[in-house]
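Data block below; observations after.
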Amino acid sequence: MAKKKLFILYFVIFSFFIPFFSFATTQDSLISSEGIEFSESADTTTPSTIPQDLVFSESPDTVSQDTTKAAQNTVITAPPSEKKSLWGIFLAGLIGGFAALLMPCIFPMLPLTVSFFTKQAGSRTSGISKALLYGLFIIIIYVSLGMIITILFGSDALNILSTDGIFNFVFFLLLVVFAASFFGAFEITLPSSFVNKMDAKSDKGGLVGLFFMAFSLCLVSFSCTGPIIGTLLVEAASKGERLGPAIGMLGFSIALAIPFGLFAMFPSLLKSLPKSGGWLNSVKVVLGFLELALALKFLSNVDLAYHWNWLDREVFLSLWIAIFGLMGLYLIGKIKFSHDSELKFLSVPRTLLAIVVFSFVVYMIPGLWGAPLKSISAFLPPSASQDFDLSAGIASTSSHTDGKVKKYAEIFHERGTPKGFDPYYDYNQALETAKELKKPVLIDFTGWNCVNCRKMEANVWTDPTVAKLLKEGFVMAELFVDDRTELPKEEQIISTYSGKKIKNIGNKNSDFQASKFNSNSQPLYVIVDTEGNVLVPPSGANYDPNAYAKYLQSGIDAFNVKK
């Protein structure tokens, strides 16, 4: 069923963004209003069945403080992360909506539309009420788009999408197309016949006319908002949240609708708006660079999960340095695109933005030689994929420090494990070693595409106290839940928990996490004794090194009490 939903989702996405697009090479205009006339007129429960690929979401930034009791065969549910994730999706939609306001297809329409309401409605009260209804209809239209995806596919299909190779590669290509559109290579527009039919309906009076006026704005502005909407839906889908697409569209539409109601209430504010001009196209181009940078993240997800080894950390950083370097040069007028107007001087906002972009480029450069770059570590490939790392030293290249050949080490050690650490990648092997060394086991449920995992490794595991506890106090088991390496035929089994066939390493580890700990989030840190009994309640991502160190120490203390 999940595969069927996934296929349908691919079909809908391509149907929406590809077959019905008209790609034209005509020059952008600052205002595209020809032919338009205005006339009056939270599911956070763990699923009972696990999809075949067992794809899970990232854990919340929380840590449990109750460390007083050991628990044998304890069923543990990780704290829900949906609330925080949905807030992040909403804020991303809000920012996207405000960015869309500065597009050449929308910004010039703002004073035109508000003037219609204030001058043609008969009274100021009527004008305000109609402007507010107009904004409400904008919200309804965009939220409906998000709800279509939400209702049709639900969380199962969206969870599968988050680490699905085809999904990530398709949307890498799609975001590149969006970037090219923003750069001016072509316009992404809806069929003119459909737009004209909707526009004709706006001549009707009353609520129906207002609705189709809002609908016409959404359609006419699609060449500018389409890539932003598409990116938001991609990001929301990749989070695996059931309500993600709807919440993202809610934030987007609220940001888009607020100015119409605000300026209708206070028409004098229209005089403070900057005049339309070439700067509007500059906003599109800057967003195009950002789309291109985001596209690489999706390509990196595929590269890591399928071991293509194309985008090592320094290659990824080199591409980002080039992209943001070109953005900086564009901002100061050193490069131009086809639809740009002449830049006679640098405005203050443009200068400040250029300074920020160039500073970001300078910040990234040391990362080519192994600098941790903690502020963006969550978006980068794992530090282990860095071929040349001055910060790690010669000792970091040594593996198998206990003399044992670690199962799956050839897959994960060189590209997945933070340098300086030497975990096991098979739980049973880690448990055997723990019995020999008389140490507790720290199980790290992680993933190639887990943003919070990379942030924990770069910001917390590098703390000297935390690093010492991890290396000396535990036998570490690093279990990747999204790896696609196929298991030998004799190890492929039918899960007694989900009834699905365990085909690859990711299936094996994620099924173990779900069946043993009733959790589907990463990172999840579980401390167990030599018999596999949980010593202290598990922890999700916790970016406070002191708190995380206390959590690790509590596990060691609980283990020593049981000895």
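Aromatic pair Tyr525/Tyr548: ring centres closer than 6.0 Å. Between Phe289 and Phe183, the ring centre distance stays below 6.0 Å.
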Candidate pair Phe169 and Asn301, rule side chain to side chain contact (heavy atoms under 4.5 Å, CB included), full reasoning: CA-CA 9 Å; Phe169 191 73; Asn301 291 344; over 6 Å; no

Side chain to side chain contact (heavy atoms under 4.5 Å, CB included) assessment of His339 paired with Lys284: CA-CA 10 Å; His339 300 332; Lys284 285 181 64 176; 5.6 Å; no

Test log, rule side chain to side chain contact (heavy atoms under 4.5 Å, CB included), inputs Met364 and Ile376: CA-CA 9 Å; Met364 288 191 289; Ile376 59 172; 3.9 Å; yes

Check against side chain to side chain contact (heavy atoms under 4.5 Å, CB included), Leu287 and Phe178: CA-CA 9 Å; Leu287 288 176; Phe178 289 162; over 6 Å; no

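Looking at Ile323 and Leu296, their side chains come closer than 4.5 Å, going by heavy atoms from C-beta outward. Thr446 is not listed as a side-chain neighbour of Val481, based on a closest heavy-atom distance of 4.5 Å or more. With contacts defined as side-chain heavy-atom distances shorter than 4.5 Å, the pair Phe316/Leu380 qualifies. The shortest distance between side-chain heavy atoms of Phe252 and Leu256 falls below 4.5 Å. In this structure, Asp303 and Phe298 have side chains that are not in contact, with every pair of non-hydrogen atoms separated by 4.5 Å or more. By the 4.5 Å heavy-atom criterion applied to side chains, Ile254 and Phe90 are counted as neighbours. The side-chain heavy atoms of Leu319 and Leu311, taken from C-beta on, include a pair separated by under 4.5 Å. Looking at heavy atoms from C-beta onward, Leu290 lies out of side-chain contact with Phe182 at the 4.5 angstrom threshold.
Within the model, atoms CG of Leu133 and CD1 of Ile138 stand 11.5 Å from one another, a figure rounded to the nearest 0.5 Å. One distance of note links CD1 of Ile139 with CG of Leu250; it measures 7.0 Å at 0.5 Å rounding. Rounding to the nearest 0.5 Å gives a distance of 5.0 Å between CG of Leu331 and CG of Leu353. Atom CG of residue Asn518 and atom CD of residue Gln513 lie 10.0 Å apart, to the nearest 0.5 angstrom. Atom CD1 of Ile89 is separated from atom CG of Leu94 by 13.5 Å, given to the nearest 0.5 angstrom. The distance from the CD1 atom of Ile321 to the CG atom of Leu317 is 5.5 Å, given to the nearest 0.5 Å.
A distance-only check finds a donor-acceptor pair linking the side chain of Ser144 to the backbone of Ile140 [under 3.5 Å]. In this structure a side-chain-to-backbone donor-acceptor pair under 3.5 Å is missing from Asn459 to Tyr543. A distance-only check finds a donor-acceptor pair linking the side chain of Asp482 to the backbone of Trp448 [under 3.5 Å].
In terms of heavy-atom proximity, Arg350 sits nearest to Ser282 at NH1-OG, 3.2 Å. Residue Leu524 comes nearest to Pro538 through the heavy atom pair CD1-CB, 3.8 Å, listed as atom of the first residue, atom of the second, then distance. Between Arg454 and Asn449, the shortest heavy-atom distance links the atoms NH1-N, 4.5 Å. Minimum heavy-atom separation, Gly328 to Val357: N-CG1, 3.7 Å. Between Pro523 and Asn452, the shortest heavy-atom contact is CD-CB, 3.6 Å. Contact detail for Asn542 and Ala547: the closest heavy-atom pair is ND2-CB, 3.2 Å.
Relative ring orientation between Phe324 and Trp320 is described as perpendicular, the plane-to-plane angle rising above 60° on a 0-90° scale split at 30° and 60°. Relative ring orientation between Phe360 and Tyr363 is described as parallel, the plane-to-plane angle staying below 30° on a 0-90° scale split at 30° and 60°.
Every side chain to side chain contact (heavy atoms under 4.5 Å, CB included) that Thr351 has, sequence neighbours left out, goes to Leu346, Ile355.
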